[in-house]
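Heavy atoms only: backbone and side chains are in, while hydrogens, waters and symmetry mates are out. Within every chain, numbering begins at 1; the chains are lettered A, B, ... in the order of the sequence lines, protein sequences first and strands thereafter.
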There are 2 protein chains.
Amino acid sequence: MIERLTRQIAFILEIDKMKTILRQNVPITEPHRQENDAEHSWHLAMMALLLAEHADETVDVARVVKMLLIHDLVEIDAGDTFIYDTAAHHDKEEREQRAADRLFGMLPADQGADLRGLWDEFEARATADARFAHAMDRFQPVLLNIATQGLRWKLHAVTADRVLARNRVVGDASERLWTHLQGMIADMVEQGHLSAGPKDAN
Amino acid sequence: MIERLTRQIAFILEIDKMKTILRQNVPITEPHRQENDAEHSWHLAMMALLLAEHADETVDVARVVKMLLIHDLVEIDAGDTFIYDTAAHHDKEEREQRAADRLFGMLPADQGADLRGLWDEFEARATADARFAHAMDRFQPVLLNIATQGLRWKLHAVTADRVLARNRVVGDASERLWTHLQGMIADMVEQGHLSAGPKDAN
């Protein structure tokens, strides 16, 4: 049991690095800095607790929360890949698989297998829980962008058609959230905070 | 349903402020800055997932995780009160109750009451779930201090006897974690990273 606890504590200290992995979004009231993976994961878990009732299929909220708490751990080794950076995506999967081997391998075998299974499920996006977790992961950056008048969209010259294409997975989990998101994007275009892009995005 | 969703999204944007509430600990690999409440809450939720097996009484891990995700939300209005600052603790409860009224009041009534009940339970520390959540909340700063050779303990001239007195609540939830923690504190004193204090702390 002491051997188990020692491994668990080593893992808990290792994943502290999530606080240093920066993402392509900013906290609403601290737009001068990027949010990190620990903050992001906490925010997604809170969103899942509150928004699960809008899922089209029944989801196990506790499993979704757990999935979201761990879904970005692999970025400790593999780094964050910006969602609109298609070039960096070519070896993303390989880098992340290696990271999962190392990180989940630090834990006692049963716990490592449990979390690895949940992460694999998230990545495969073939279950209702995984689809809803992905919906939260996509919805949150949109909310942060809306609350900051499209700050990061403007910086990266992202257009509404790309935002909608990237976030269509929200609709795989919740028709209601997807409809609401589309409405918010249309408002942002109308208010001049987001360019409609090559084709009309609405 | 749109009214519910609008309230939920307003709350999700409001609690983004957790990313700006600084605590008296530092990320292990970024010791030049303080960790914030969002990072801290994520870390505690992860600890609960991994360490629940060490609880003396059976705990509902999903409830503990949810409790930990929300336990510091009141600090959005009330701020963080340093655990060793006894002066600031006199009106802490009143400030936090007002904060809870406002924040949980933003949500649809059923969800607000659910989260408020869970926060009240955490504060009362009268259930096994609440005691284990508190144990995580105390254990994490100790781990961060140990991993940074007592950085914040040295800064605030905190001694081993005070660390042990403050963290005794870990023993209310898990004899095994409490024994392990005491051993780690003794090691820190031996290695010269923590002063034993007025009386021998071990």
Any idea which donor-acceptor pairs are under 3.5 Å between chain B and chain A?
| residue | atom | partner | partner atom | Å |
| --- | --- | --- | --- | --- |
| B:Arg4 | NE | A:Glu53 | OE2 | 2.6 |
| B:Arg4 | NH2 | A:Glu53 | OE1 | 2.8 |
| B:Arg4 | NH2 | A:Glu53 | OE2 | 3.2 |
| B:Gln8 | OE1 | A:His54 | NE2 | 2.7 |
| B:Gln8 | NE2 | A:Leu50 | O | 3.2 |
| B:Gln8 | NE2 | A:Glu53 | OE2 | 3.0 |
| B:Ile12 | O | A:His43 | NE2 | 2.8 |
| B:Asp16 | OD1 | A:His43 | ND1 | 3.4 |
| B:Asp16 | OD2 | A:Ile28 | N | 2.7 |
| B:Lys19 | O | A:Arg33 | NH2 | 2.8 |
| B:Lys19 | NZ | A:Glu35 | OE1 | 2.7 |
| B:Lys19 | NZ | A:His43 | ND1 | 2.9 |
| B:Ile28 | N | A:Asp16 | OD2 | 2.7 |
| B:Arg33 | NH2 | A:Lys19 | O | 2.8 |
| B:Glu35 | OE1 | A:Lys19 | NZ | 2.8 |
| B:Asn36 | ND2 | A:Glu39 | OE2 | 2.6 |
| B:Glu39 | OE2 | A:Asn36 | ND2 | 2.6 |
| B:Trp42 | NE1 | A:Leu69 | O | 2.9 |
| B:His43 | ND1 | A:Asp16 | OD1 | 3.4 |
| B:His43 | ND1 | A:Lys19 | NZ | 2.9 |
| B:His43 | NE2 | A:Ile12 | O | 2.8 |
| B:Leu50 | O | A:Gln8 | NE2 | 3.2 |
| B:Leu50 | O | A:Gln111 | NE2 | 2.9 |
| B:Glu53 | OE1 | A:Arg4 | NH2 | 2.8 |
| B:Glu53 | OE2 | A:Arg4 | NE | 2.6 |
| B:Glu53 | OE2 | A:Arg4 | NH2 | 3.2 |
| B:Glu53 | OE2 | A:Gln8 | NE2 | 2.9 |
| B:His54 | NE2 | A:Gln8 | OE1 | 2.7 |
| B:Leu69 | O | A:Trp42 | NE1 | 2.9 |
| B:Gln111 | NE2 | A:Leu50 | O | 2.9 |

Next item on the list: Tell me, for A:Leu73 versus chain B, whether the close heavy atoms (under 4.5 Å) come from the side chain, the backbone, both or neither.
Entry: side chain

Margin query: Please classify the contact between A:Leu115 and chain B as side chain, backbone, both or neither, with a heavy-atom cut-off of under 4.5 Å.
Written below: side chain

Note to self: With a 4.5 Å cut-off on side-chain heavy atoms, are A:Leu144 and A:Val26 touching?
What the structure shows: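 Not touching, per the 4.5 Å side-chain cut-off.
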
Next item on the list: Would you mind reporting whether A:Leu5 and B:Leu51 have side-chain heavy atoms less than 4.5 Å apart?
Entry: yes

Next item on the list: Might you point out which heavy atoms bring B:Leu69 and A:Ala45 nearest each other, and give the distance in Å?
Entry: CD1-CB, 3.8 Å

Spatial distance of atom [atom1] ([X]) from atom [atom2] ([Y]) [nearest 0.5 Å]:
{"X": "B:Phe132", "Y": "B:Leu177", "atom1": "CZ", "atom2": "CG", "answer": "6.0 Å"}
{"X": "A:Leu49", "Y": "B:Ile70", "atom1": "CG", "atom2": "CD1", "answer": "8.5 Å"}
{"X": "A:Ile146", "Y": "B:Leu13", "atom1": "CD1", "atom2": "CG", "answer": "8.5 Å"}

Next item on the list: Specify which of A:Ile15, A:Leu143, A:Val65 makes the most heavy-atom pairs with chain B at under 4.5 Å.
Entry: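 Max contact count across the listed options: A:Ile15.
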
Notebook entry, point to check: Hey, which of B:Leu44, B:Leu181, B:Val169 is the one that makes side-chain contact (heavy atoms from CB on, under 4.5 Å) with B:Phe139?
Noted result: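 For B:Phe139, the side-chain contact (heavy atoms from CB on, under 4.5 Å) check succeeds only for B:Leu181.
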
